[in-house]
Amino acid sequence: MPERVHIRFDGEPITSKPAPVSTAPRQFQQGKKRKLDDRIDRAPEARTKPFYDPPSHVKTQNGTQTNGHQTNGTQANGTRLNSTHINSSKTKASPVTRDASEPKGKPASGPLAKKRQELLPIRQALPIWAHASDIRQALRGPHKDVLLLVGETGSGKSTQVPQFLLSEPWCTGQIAITQPRRVAAISLARRVADEMGSTLGSSSPGSKVGYSVRFDQSVSPSTRIKFLTEGMLLQEMLRDPWLKQYSVVVVDEVHERSVNVDLVLGFLRNIVTGDKKGRGGKPLKVVVMSATADIEGLQRFFEDGYRLSSQHSSSNGTTAATNGTEDSESSWSGISSSSEDEAPKSITPRKELSNGVEPKNGSPAASISQCHIEGRQYPVKTMYLPEPTQDFVEAALKSIFQIHYKEPVPGDILVFLTGQDTVEGLEKLVKEYVLGMGPEVPKIITLPLFAALPQHLQQRVFAPAPPKTRKVILSTNIAETSVTVPGVRFVVDCGKAKIKQFRNRLGLDSLLVKPISQSAAIQRQGRAGREAPGQCYRLYTEKDYNTLGKNTTPEILRCDLSAALLVMKARGIDDVLNFPFLSRPPHEALEKALLQLLQLGALTEAGEISDIGRTIAKLPLTPTLGRCLVEAAKPERGCLTEMIDIIAALSVENVFLNLVTEEKREEAEAARRTLYRREGDHMTFLATVQGYAEEKSDRKAWTERHYVSHRAMQNVMDIRKQLRGLCGQLSLPIADIEKSSEELTTSILHSLLRGFAANTARLMPDGSYRTLSGNQTIAIHPSSVLFGKKVEAIVFSESVFTSRSYARGVSAVRLDWVAGVLAGTDG
DNA sequence: GAGCACTGC
């Protein structure tokens, strides 16, 4: 989750006038006993029969810790919150010394310095502050290159760790710190610049802090700390596999386990455990930061790397830098290492293990340090349903009103649901019930929240509730990590989410409602305790909670791996099957992805990356879309500009606005008629992008006239510009041969077919479509302009299984074209 | 007749 700015946790009360139910943070800092239960007892009686059982054992799921005082809370994952410990035989936890991250030299002056001075006490109050010295010690000295750091929400790790390391003697290069999301990278960079009394990024040549995200890079010649997205770091590795400009890479939010973070960790392990020739002998330090305490998987992951590297260098002197060869399942989700017996036997227990390597060739042992930092989270009381429910929307409705009648305002309710449909369904029900509330009851405003909701409607959740009013936010998973809603004291968790899963056999994604993991449930619960003690109402039984998986299955085990494998191949990993995966995908998935890359011509028969593959790897696109682009640039196709427009539209969500009412929908259909093309969605996207681009006077008005999303079109234009620039650099030619519109359309569709040969289907006599590769029934998605139309064959750029198999992004093609593409798929 | 959430020189 993004580390929010911690202004509210500086030890001052959140509000100047304490609300009746709020417990000011200072009280916690003074270690006063929580009054949570008293408060509940004093609360007005619920008007309905109590709906919930308190949990049978632990009532408080989150410990609260501030100022280093230990409360008797139990940490979210059930382990004890202990004081910080760094495990390293060479690292004795030393007393906190003066912070060396403070700039040396002349005394500061000016507004930037003033800001830095103002922020200093806030930084010093962060839980991580007291451990600055420990963190520095853990990486000081040779062969102390890896630090695993658990820092819970509010510990301050994302902002402080890079500043702690800045003045270390070994830190002569830049510090990279990766984030899963662009907004987090930018806002953290801004915060750290303020804390250091520096300008941000490219605003002045002397600025010390910068960031790098897609479409937005802001660094200066003096940049020392650089926040960047995981994808950007991978992109930088294409140019510099050894990351020579960096002394340390801090990998943040690892617990989210994006595909990119798994790839980053694999590459970093290779660098850190390999020889240092590629880096001119200089070591790279790696800090891996996670919000969940389960870092044993990471410990094993790096241990295995060191062990293999020492085996390599002692046996044949080769480096493990580009090729990890461990067989063990170093799985994050707790699958134990299968090569346990190879681990150093002398060292037990693992907690005190500091040496990942038993030196086999006389080299000093490398050490992996661990550090645990307590968070700043208020306790959250958790309630379960006594009996399972079939209808979580109805159960949520009951819970909302039970809370509303029982608990005083302020205190907003955040409800986690599965999707737009359940959000809108529950919104309707709540609004109906609100009509029946008496005038003496506080008001309710319902606020839906999901990604497809227009931005200005999403913004409404950030406005505080008016007096005597309670906000009820009905949200998808977007509020679990991406959006932090202020004011929430009550969470209602349906225990489910829509999860995307790639089916190797069918080659299509499924998007189904599945139970969430315990860690996701804890994450949702934590959303109630960010500003004050809170409550979490789980719409399932405690027994059901205990049967949930501990962690969410990492994305790399759930997705199409072709993009990930191409990333590896392009960065010099020849043997991708033996890449050091933190969680190793099944062999079948890897083979399937290799086969797909071969069919795209991105790999040679020998499995080496081809020129086409190298080109595709440099594009910010999936391999399939990249292949379409390369095809469109061929002289005989000559439709690169058009393909760029289409791909740009395919790369954003919701070019066409979703309309709520039937009436609006009909209006939109009529308005868009000029954009629709009978050839299908891709030509329709082309007409839309071209129409928008040709509008020179008022593009916003153009989008409104055509019921097109202005925001989406702005993104399209960014991507279009980026792709045009890249095509120039990669010498992909823009054709200047005149073509008839029919010839152009044919070229475009052929280029699409080259990338999406596997995504083709033919019309059956019964009117359904069946894929040519697997003879699977697939239906044209209702959002397609070809919905309800019958054409002899289709090509589609996306497919997903929800209630049935749907093709999205559909174009009509001739069956003999499809047959031709399937027959010969050479480069 | 339907759209979990992120992300990329």
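In what follows, chains carry the letters A, B, and so on, assigned in the order in which the sequence lines appear, proteins first and then strands, with residues in each chain numbered from 1.
- Residue contacts for A:L234: at a heavy-atom cut-off of 4.0 Å it reaches no nucleic acid atom on any strand shown.
- A:S218 places no side-chain N or O within donor-acceptor distance of the main-chain N or O of A:Y211, the cut-off being under 3.5 Å.
- For A:K664, the salt bridge (charged side-chain N to carboxylate O under 4.0 Å, His left out) criterion is met by no residue, not counting sequence neighbours.
- Using a 30° and 60° split on the angle between ring planes, A:F267 and A:F579 fall in the perpendicular class, above 60°.
- No hydrogens or angles considered: nothing links the side chains of A:E256 and A:T481 as a donor-acceptor pair under 3.5 Å.
- Counting any heavy atom pair closer than 4.0 Å across all strands shown, A:I478 reaches sugar-phosphate atoms only and no base atom.
- Nucleic acid contact for A:S651: none, since no nucleic acid atom lies under 4.0 Å from a heavy atom of the residue.
- In this structure, A:R239 reaches the bases: a heavy-atom distance under 4.0 Å links it to at least one base atom across the strands shown.
- Side-chain polar atoms of A:S519 and A:H255 form no donor-acceptor pair below 3.5 angstrom.
- Looking at heavy-atom distances under 4.0 Å, A:Q722 makes contact with sugar-phosphate atoms alone, never a base.
- A cation-pi arrangement is not found for A:R672 relative to A:F656, the charged atom failing to lie both closer than 6.0 Å to the ring centre and inside a 45° cone about the ring normal.
- Within the nucleic acid shown, A:S258 has no heavy atom closer than 4.0 Å to any nucleic acid atom.
- Residue-level contact check: A:A497 touches neither bases nor backbone, having no heavy atom under 4.0 Å from any strand.
- At the heavy-atom level, A:V259 lies nowhere under 4.0 Å from the strands shown.
- In summary, contact between chain A and DNA chain B, defined as any nucleotide atom under 4.0 Å from a heavy atom of the protein, begins and ends at B:dG1 to B:dC9 in the 5' to 3' direction.
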